[in-house]
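Here the structure comes first, spelled out in structure tokens, and everything after it is commentary.
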Number of protein chains: 2
Amino acid sequence: MKKNEISILGSGLIGSLLSIYLKKRGLDVHVYEKRADNRKGEYKEEGRSINMALSDRGWKALEKAGLKEKVLPLTIPMYGRKIHDEHGNTSFMPYGKEGQAIYSISRGKFNHLLMDEAEKEGVQIHFEHKIEEVDLRLNELSVNNPENGSETISSEVIIGADGAYSSLRNAMLKQVRFNYKQEYISHGYKELSIPATKEGEFAMDPNALHIWPRGSFMLIALPNPDKSFTCTLFLPFQGERVSFENIRDEKDIKGIFQNYFHDAFLLMPNLVKEFFGNPTSSLINIECYPWMLNKAMLIGDASHAMVPFYGQGMNCGFEDCYILDGLIDKIGTTAWELVFAKFQKIRKPDTDAICQLALENFEEMKNEVADPKFLVRKNIEARLHSLYPREWVPLYTMVTFSDMPYSEAYAQGKLQEAIMDKVMRDPLITQNWNKMDYEDIINQLDKAKSV
Amino acid sequence: MKKNEISILGSGLIGSLLSIYLKKRGLDVHVYEKRADNRKGEYKEEGRSINMALSDRGWKALEKAGLKEKVLPLTIPMYGRKIHDEHGNTSFMPYGKEGQAIYSISRGKFNHLLMDEAEKEGVQIHFEHKIEEVDLRLNELSVNNPENGSETISSEVIIGADGAYSSLRNAMLKQVRFNYKQEYISHGYKELSIPATKEGEFAMDPNALHIWPRGSFMLIALPNPDKSFTCTLFLPFQGERVSFENIRDEKDIKGIFQNYFHDAFLLMPNLVKEFFGNPTSSLINIECYPWMLNKAMLIGDASHAMVPFYGQGMNCGFEDCYILDGLIDKIGTTAWELVFAKFQKIRKPDTDAICQLALENFEEMKNEVADPKFLVRKNIEARLHSLYPREWVPLYTMVTFSDMPYSEAYAQGKLQEAIMDKVMRDPLITQNWNKMDYEDIINQLDKAKSV
């Protein structure tokens with residue numbers, strides 16, 4: 001039987017970054033990945049990746065690992081949302097203040113870089129190693145790979161960074177008093193693309209996240225360094241007029257795109273092939289607790305998979321690594337149970353908050369961004385933030401451009417939301433928003449906070 | 001490979017009753033039970049049964065199967081709660097109107113009767129048959145028993161009546177878009193007992209459910225036909241002063257009983273042996289959806305395990321069988337998918353409601369029943385019900401003494417609760433409740449309903 005100091009399950013984004021952090025401490029780190037090493041041979045995407053958007057929390061975690069400069073060339077900054085209406089008109093809503101951006105990056109290429117860096121540090125990644133069983137009493141993994149068959153690996157510490165369908169979590173689920181929730185939303189998604197133009201240029205503004213909000217469904221597009229856009233179509237699985245179950249042939253899909261996404265349609269020569277060739281994926285929200293049992297712990301999506309609508313899944317997972325590493329800085333590597341116990345206690349309220357925000361933001365993206373009043377609301381909040389930069393910080397800014405704990409951002413966001421709801425009830429707000437009494441709004445917020 | 005028409009997983013209360021219903025239709029019904037037949041040899045309880053309380057929904061389902069008269073002799077009617085305070089004083093709160101009762105019954109003996117009746121009808125119960133795997137695509141069970149090893153059984157229909165830790169549900173959990181939640185509450189429980197007196201009599205009033213509410217914990221006792229009481233002690237697992245983790249020896253447990261349950265303590269000669277001999281069990285709430293996949297469906301605790309504080313777990317499971325059987329009356333046995341699809345759609349809002357009520361009733365039992373104002377509140381509601389028997393029906397009565405859908409009872413209960421909260425805000429309510437304007441309260445309810 002092999003004995004590892006640290007076994008990490010999953011060589012995805014979170015598992016790879018975490019392995020780098022731990023290896024830098026001189027620990028013996030092994031990563032078990034059920035898939036083959038997809039850096040070898042021709043690079044193939046799976047056709048189910050929503051492009052990632054790196055924001056402050058993610059950058060901070062990469063910086064601590066010394067990786068910021070290496071990642072930057074893979075990214076494209078997006079300074080705001082570009083909203084496309086049904087007539088092809090567009091409007092731009094900045095995400096934050098001038099210069100603030102989120103950064104589009106391909107999950108596949110980013111993952112390759114992180115695995116390369118992990119191996120450079122000396123991490124051993126064992127590909128095509130499938131976890132068959134986890135013995136949580138003995139901290140033993142039963143691992144199977146095509147070459148050697150099954151073997152048992154004993155570990156000082158096991159960390160499950162193995163995503164929404166985590167094997168470690170499945171083992172915990174059978175333990176007594178493990179609270180668990182998995183919830184699928186009514187919508188699924190499909191990856192599509194907008195290639196570069198014949199001239200080899202971006203077909204649309206590359207420095208924005210493009211959204212075509214249509215009420216019960218939407219299309220989004222994020223830029224890639226090769227001048228293409230990765231698009232994601234979100235539709236209800238069934239029931240609605242426009243739903244996956246109601247798109248059966250070329251005519252159906254073309255009809256929908258001509259009708260609802262006409263400007264995008266003109267840029268998508270591979271639409272039909274991609275729509276019927278790529279899988280339809282579902283979207284799950286997972287919450288559970290506790291995250292640890294003895295010296296095994298869950299991290300990232302394994303403990304809190306969220307829907308992608310706040311662009312925080314990866315950033316939150318990276319922040320998990322950053323916070324865990326900070327606790328190891330303080331406590332050391334001799335009392336793992338204590339590190340894990342502190343980690344889950346500190347972190348659980350924050351991951352609950354961002355899971356909830358991600359669910360709520362879906363409504364905003366599908367519906368509200370298309371409402372002219374929504375723009376006014378964003379403008380008022382931006383004005384408040386520029387007049388009172390400490391007192392009023394828009395929720396999106398707290399989540400995306402700060403490292404304030406998500407739970408605090410959530411609480412402050414709810415207070416601000418209630419005040420903004422009141423402000424927006426003024427029937428003349430679209431005309432008057434520019435000449436409002438902004439100080440009064442700040443006073444209302446102060447009052448609400450002191451309750 | 002064997003081919004069954006109907007395979008039911010679990011020969012517990014729900015599986016047994018359902019097998020009787022289906023066998024009476026002339027179907028070929030097989031029940032697979034992982035435990036041995038505990039009717040053979042000396043009868044042994046497991047030391048983890050909360051006694052059951054049969055109420056109207058349960059009786060109605062038994063009656064349809066022709067079993068009411070056979071079950072009645074096993075039961076003892078309880079007409080109300082008998083509350084014991086810390087000084088040994090008791091007060092009685094009727095559950096309903098005169099004559100209305102819930103019926104204490106031992107889970108073990110009740111289950112024996114139902115299995116006997118199922119076998120009389122011709123149902124085949126296969127004991128010591130463990131479900132190893134369920135193939136939901138082919139509707140095949142892989143079943144293991146000590147004599148024959150593993151075999152594969154193909155079924156027209158599979159129904160999982162296999163409780164909170166259902167194998168069928170575990171198979172469904174791996175399917176795409178299965179929503180699932182399991183949640184353990186902070187409290188666990190331990191079975192204890194009060195034996196008959198030396199004279200062979202009940203040591204307390206047998207026609208009541210006895211409660212010792214103590215805020216963060218409580219003791220209850222239900223009568224048995226052998227003149228003993230089955231007691232259940234509910235304590236937090238940890239954290240509180242009085243919790244399972246803080247009871248380590250004879251002195252601890254005796255100290256707690258002398259302090260908090262003195263009158264009961266005097267009647268419990270086996271307290272120490274039982275406390276340390278019986279397991280500490282946890283309490284889980286489970287909700288999931290959908291309940292069906294093709295021709296397999298979950299029923300009873302497998303689809304909606306609830307905490308025991310409304311005494312409705314078994315009654316709800318029996319009502320599941322009654323409603324399912326009613327749908328088969330209408331639709332027949334040639335379109336099982338349709339029967340199952342209708343069943344889950346009708347039933348899910350109701351089981352959600354009773355799961356929620358069971359969680360909420362724990363607070364009432366631990367805390368409020370000890371509050372003198374709670375008695376006043378119950379009196380006002382009883383008066384309202386006697387003056388306006390159709391307009392105002394206390395929530396407990398709707399749940400326990402009617403077959404109104406749980407979701408409707410829940411909704412009406414919430415309206416009444418809001419009104420009663422207002423009524424109880426009167427600081428002089430304890431003196432004045434008798435001379436209030438009851439018609440005004442009914443008018444408030446009418447108004448609330450019409451919104």
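We name chains A, B, ... by the order of the sequence lines, and we start the count at 1 in each one.
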Exercise for the section: Check whether more than 12 heavy atoms from other residues, nucleotides or ligands sit under 6.0 Å from atom CD of B:E133, and answer yes or no. Expected result: no
Practice task
Would you indicate whether the side-chain heavy atoms of A:F237 and B:R177 approach each other to under 4.5 Å?
Solution key: yes
Practice task
Using a cut-off of 6.0 Å, state whether more than 12 heavy atoms not belonging to A:K342 lie near its atom NZ.
Solution key: no
Exercise for the section: Among B:I286, B:N179, B:N170, B:I185, single out the residue with the greatest number of heavy-atom pairs under 4.5 Å to chain A. Expected result: B:N179
Practice task
Tell me, yes or no, whether the heavy-atom count around A:Q175 atom CD, taken from other residues, nucleotides or ligands under 6.0 Å, exceeds 12.
Solution key: yes
Handout entry: Gap between atom NZ of A:K181 and atom CD of B:Q182 - 0.5 Å precision
Key = 13.0 Å
Problem - Other residues, nucleotides, ligands: >12 heavy atoms within 6.0 Å of B:K130 NZ - result: no
